[in-house]
Engineer: 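Quick one: the structure is below, and I'll ask about it shortly.
Numbered from 1 within each chain, the chains take letters A, B, ... in sequence-line order.
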Number of protein chains: 2
Amino acid sequence: MSTAPEGYDPHAFVPFAVTVDLAVFTVREARLHVLLVERGEAPYKGRWALPGGFVLPRESAEEAARRELAEETGLTKKSVCSFHLEQLRTYSDPDRDPRMRVVSVAYAALVPDLPEPRGGGDAAHAQWWDAASTGPLAFDHDRILADAHDRIGARLEYSCLATAFCPAEFTLGELQEVYETVWGVELDRPNFRRKVLTTPGFVQAVDGPPRRTGGRGKPAALYRAGTATALHPPLLRPEGRPEGRTS
Amino acid sequence: MSTAPEGYDPHAFVPFAVTVDLAVFTVREARLHVLLVERGEAPYKGRWALPGGFVLPRESAEEAARRELAEETGLTKKSVCSFHLEQLRTYSDPDRDPRMRVVSVAYAALVPDLPEPRGGGDAAHAQWWDAASTGPLAFDHDRILADAHDRIGARLEYSCLATAFCPAEFTLGELQEVYETVWGVELDRPNFRRKVLTTPGFVQAVDGPPRRTGGRGKPAALYRAGTATALHPPLLRPEGRPEGRTS
DNA sequence: TTCTTTATGGTCACTCTGACTATAAAGAAG
DNA sequence: CTTCTTTATAGTCAGAGTGACCATAAAGAA
């Protein structure tokens, strides 16, 4: 803002509605899933859309996003605080909402595999979708979703937040599955292991010799998320290109 | 936005003002400079601030940013089109502007060394400042400026856009100076050279054997910006940490 | 000339990575 | 109770990339 037009008459500007849109991701059954809600009214009635809503008069966009996240997932605000929430970018095309001028701040949230959303309020029809096969969404949400997917893919390269998709204790195999799912590639298991374990603070072994059962083969050691947030040097995706699309 | 509160009464929401703020960077005399404007009115009268202004009813935030950029630099819109403009993030603290609710979309612009700004309109008091020694700025612009600096520092690692700070033709020494200035470190000249030249599409040699004079030593070959946008593998900063601050 | 400065070319050891092999420990199949 | 299959884990090895150097070239300055 800053250099406002002289005078600063509150009527000198056209009022905008400001909203937040959330791309809530989780990894479930080796597929990237995103939380969508079905629209019950025009425009785009019956279409699926990213959850979101208006920013209230006395809250910031991030507060609004976390409030919406709690509402849509049906979890308490406290438990939602631990989820990774990241501002993506703001979408402001004048015609992105046919009703009026709406500027939307998009966020990406990374959550572990949760029970089916028991939405209160708006989220009556909230549901997890395979992020790769969402039909055409309402508004410009296809674009937002694609941008969000790109962003978290890039974030996995340089940060440790793949653990945000995992439960409190996880195996390295589960962590690797996060990478493979988000990137859509297969990684070499010993190499992935070496990279994670030699990065200080990425994960920390759970003290005792507890091991996870359930699957077929040898039980795996359990780890917790470490304290590091950045990954140096990065864990680059195979195959040349940096992102899917260069925005 | 999507799931609007039922009914969608245009009065159901509090109107927000939406603005853009620009952190316009250039490298001048081996220092990172940022374009600031002096505020002529309350609040923060007499303080320096990032240039910016309201998003108009029929333009997107990016269009508003590029319009402001042209106004503040005094250049034509056409020439401003070649500048790298990148959305940073949106600042939405309810109290960031004491007058009213203002949500601001921040952009970073990277421009080559320009003549002193001949601002038209708002930019009557526009001036380049050493980005490291700006006094306290108006509003939350200190934070925005710091975020912007962090971001472009990180961008130099993974992208080729350091050339955005250079004129059309430049020497590798000048390109290296961009990195050293933004990062605040010294780089080894032969190693930097090797990295740039072995990255396909980063720079392309100017055909003939033209060389730049002016300085002391051996004349340097001239290059143009290449077509590549991403840098693979990245050119990581020396000294552990990825960014100055982990936002 | 000689010195200083900058550009450029090259070496070498070290790190990191990708590809790969081998072993261990579980359940499943016979 | 073997044997097979599956997954976890340990280790090897060559090549790419990088940081730290040293050497030479070409200009102006002394």
Engineer: Separation of A:L235 atom CG from C:dT15 atom P, in whole Å?
Structural biologist: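 In whole Å, C:dT15 P lies 20 Å from A:L235 CG.
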
Engineer: For B:P234 and B:P190, find the nucleotide of DNA chain D closest to each by heavy atoms; which residue's nucleotide sits nearer the 5' end?
Structural biologist: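 First, find each residue's nearest nucleotide; the 5'-ward one identifies B:P234.
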
Engineer: Mind checking the NZ-CG spacing from A:K195 to A:L187? Nearest 0.5 Å is all I need.
Structural biologist: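 Going from NZ on A:K195 over to CG on A:L187, the span is 12.5 Å.
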
Engineer: Please determine, for the side chain of A:D188, which listed nucleotide (D:dA26, C:dA19, C:dT5) has the closest atom?
Structural biologist: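 The answer is C:dA19, which lies nearest to the side chain.
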
Engineer: Send over the distance from B:E186 CD to D:dA20 P, rounded to a whole Å.
Structural biologist: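 The distance from CD of B:E186 to P of D:dA20 comes to 12 Å, rounded to the nearest Å.
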
Engineer: Both B:K218 and B:N191 contact DNA chain D. Taking the nearest nucleotide for each, which residue is further toward the 5' end?
Structural biologist: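 Its nearest nucleotide being more 5', the pick is B:N191.
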
Engineer: Separation of A:L187 atom CG from D:dT7 atom P, in whole Å?
Structural biologist: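 To the nearest whole Å, that distance equals 16 Å.
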
Engineer: Can you find a side chain N or O atom of A:K195 that sits less than 4.0 Å from OP1 or OP2 on C:dT17?
Structural biologist: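 Yes.
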
Engineer: Is the phosphate of C:dA7 approached by B:R189 (side-chain N or O, under 4.0 Å from OP1 or OP2)?
Structural biologist: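 Checking C:dA7 against B:R189, a side-chain N or O does come within under 4.0 Å of OP1 or OP2.
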
Engineer: Can you check whether A:R193 has a side-chain N or O nearer than 4.0 Å to OP1 or OP2 of D:dT9?
Structural biologist: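 So the side chain of A:R193 is within the cut-off, an N or O lying under 4.0 Å from OP1 or OP2 of D:dT9.
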
Engineer: Take atom CG of A:L197 and atom P of D:dA10, then tell me their distance rounded to the nearest Å.
Structural biologist: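 Rounded to the whole Å, the gap is 8 Å.
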
Engineer: Answer yes if the side chains of B:H125 and B:Q127 hold a donor-acceptor pair under 3.5 Å, and no otherwise.
Structural biologist: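 No.
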
Engineer: Do A:W128 and A:R28 have side chains that get closer than 4.5 Å, going by heavy atoms?
Structural biologist: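 Yes, at least one pair of side-chain atoms sits under 4.5 Å.
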
Engineer: For a 4.5 angstrom cut-off between non-hydrogen side-chain atoms, does B:P112 reach B:F83?
Structural biologist: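 Result yes, sub-4.5 Å side-chain heavy-atom pair found.
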
Engineer: Closer to the 5' end of DNA chain C via nearest nucleotide, is it A:T198 or A:R216?
Structural biologist: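 It is A:T198 whose nearest nucleotide is closer to the 5' end.
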
Engineer: Are B:L156 and B:W183 close enough that some pair of their side-chain heavy atoms sits under 4.5 Å apart?
Structural biologist: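 Sidechains of B:W183 and B:L156: in contact.
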
Engineer: Would a 4.5 Å heavy-atom cut-off, applied to side chains only, mark B:T26 and B:L114 as touching?
Structural biologist: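 The answer is no, as the side chains (C-beta and beyond) never meet within the 4.5 Å cut-off.
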
Engineer: For DNA chain C, write out the stems as range with range, using runs of 3 or more consecutive Watson-Crick or G-U pairs with both distances under 3.5 Å.
Structural biologist: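 Stems found: C:1-30 with D:1-30.
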
Engineer: Using side-chain heavy atoms (C-beta onward) and a distance below 4.5 Å, is B:R224 in contact with B:V206?
Structural biologist: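 A side-chain contact under 4.5 Å exists here.
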
Engineer: Tell me which residues in residues 172-184 of chain A put a heavy atom below 4.0 Å from DNA chain D, sorted by number, or none.
Structural biologist: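 Contacts with DNA chain D under 4.0 Å: none.
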
Engineer: Yes or no on salt bridge (charged side-chain N to carboxylate O under 4.0 Å, His left out) for A:E63 and A:R67, after CA distance, side-chain angles and deciding distance?
Structural biologist: CA-CA 6 Å; A:E63 287 164 352; A:R67 173 174 54 74; over 6 Å; no

Engineer: Taking the six-membered ring of B:Y91 as reference, does the NZ or CZ atom of B:R89 fall below 6.0 Å from its centre and within a 45° cone about the axis?
Structural biologist: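 Yes, a cation-pi geometry.
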
Engineer: Which part of the nucleic acid, if any, lies within reach of B:R194 when heavy atoms closer than 4.0 Å are counted: base, sugar-phosphate only, or nothing?
Structural biologist: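 B:R194: base contact, heavy atoms under 4.0 Å.
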
Engineer: Starting from P on D:dA8, measure out to OH on A:Y223 and report it in whole angstrom.
Structural biologist: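 It works out to 11 Å between those atoms.
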
